[in-house]
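In what follows, a single structure is set out as C-alpha cells and then discussed.
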Amino acid sequence: MPKRLRSVGLEFVETAPVRLVFSRRAGSAPEALFAQLSDVPSWPEWFGGVSEARPLAGGERRVIGLRGGARFLETVVTEPPARYAYRIDETNVPGVRAMWEDWRLEPDGDGTLVTYTMAVDGHPVCRAVVRLLGPGLGRTFRAAVRSLDERIAAAPGA
C-alpha cells in the first residue's frame, strides 16, 4: 500500500540527510533535454529502470513505476529549460519519509552539463540502503543521459 511522505519544499534538495549527486555532459542543448524530461510518457524508452510513466493534472503530477515494483506519485516543479524536479508524495518503498529528485541543465559550450540530485530522508536503514545504492544509481543516471542524448540526436531535424 502506498505511504504518504512528508511534504518538503524544493530547498530539501540541498538540505536532505542523504544526497546523491551525479553529473554528466550531454552534447544536446538544455532546451532539447528539458523537452525530453518533460515528455513523461517517453521515460521508459530512455531511462532503463522506469517501466511506467504517466502524467497527471496537465503535467503537474505524475506516476512513475520502476522495474522491480517500486511506485511513486510525484509533484513536478520546473524552471524551463534549466530544471526539472519532482517531489515524491507517495510511494510503496519502505522507510522513506521525504524525497526529491532534481535534474539541473546548465549550458556547457555547445552542450549541457546535466546534474542529478536524489535527496532522501528516511529511517536509518533506508538512509544506509540509499547510500549503498549510490554507485549503481550513478551508472543508471549516466546511461539515461547518454540515451537521452542519442534519442535527441536521432530525432528528425536534429
Does any part of the side chain of [Y], heavy atoms only, come nearer than 4.5 Å to the side chain of [X], both counted from C-beta?
{"X": "L5", "Y": "D89", "answer": "no"}
{"X": "E52", "Y": "P44", "answer": "no"}
{"X": "E101", "Y": "I88", "answer": "yes"}

What is the distance from atom [atom1] of [X] to atom [atom2] of [Y], rounded to the nearest 0.5 Å?
{"X": "R139", "Y": "F22", "atom1": "CZ", "atom2": "CZ", "result": "9.5 Å"}
{"X": "N92", "Y": "L73", "atom1": "CG", "atom2": "CG", "result": "11.5 Å"}
{"X": "L133", "Y": "M118", "atom1": "CG", "atom2": "CE", "result": "8.0 Å"}
{"X": "R127", "Y": "L132", "atom1": "CZ", "atom2": "CG", "result": "14.5 Å"}
{"X": "S23", "Y": "L113", "atom1": "OG", "atom2": "CG", "result": "5.0 Å"}

Fill in: R25: side-chain contact (heavy atoms from CB on, under 4.5 Å) partners, not counting sequence neighbours
D108, D110
Practice prompt. Answer yes when R104 and E14 have at least one side-chain N-carboxylate O distance shorter than 4.0 Å, and no when they do not.
Written response: yes
Fill in: Listed partners of E74 passing salt bridge (Lys or Arg N to Asp or Glu O under 4.0 Å), at least two apart
R62
Fill in: Listed once per pair and sorted, the salt bridge (Lys or Arg N to Asp or Glu O under 4.0 Å) pairs that draw on residues 140-152, sequence neighbours left out
E45-R151
Discussion item. Aromatic contact between F141 and W103, with the criterion being ring centroids under 6.0 Å apart: yes or no?
Written reply: yes
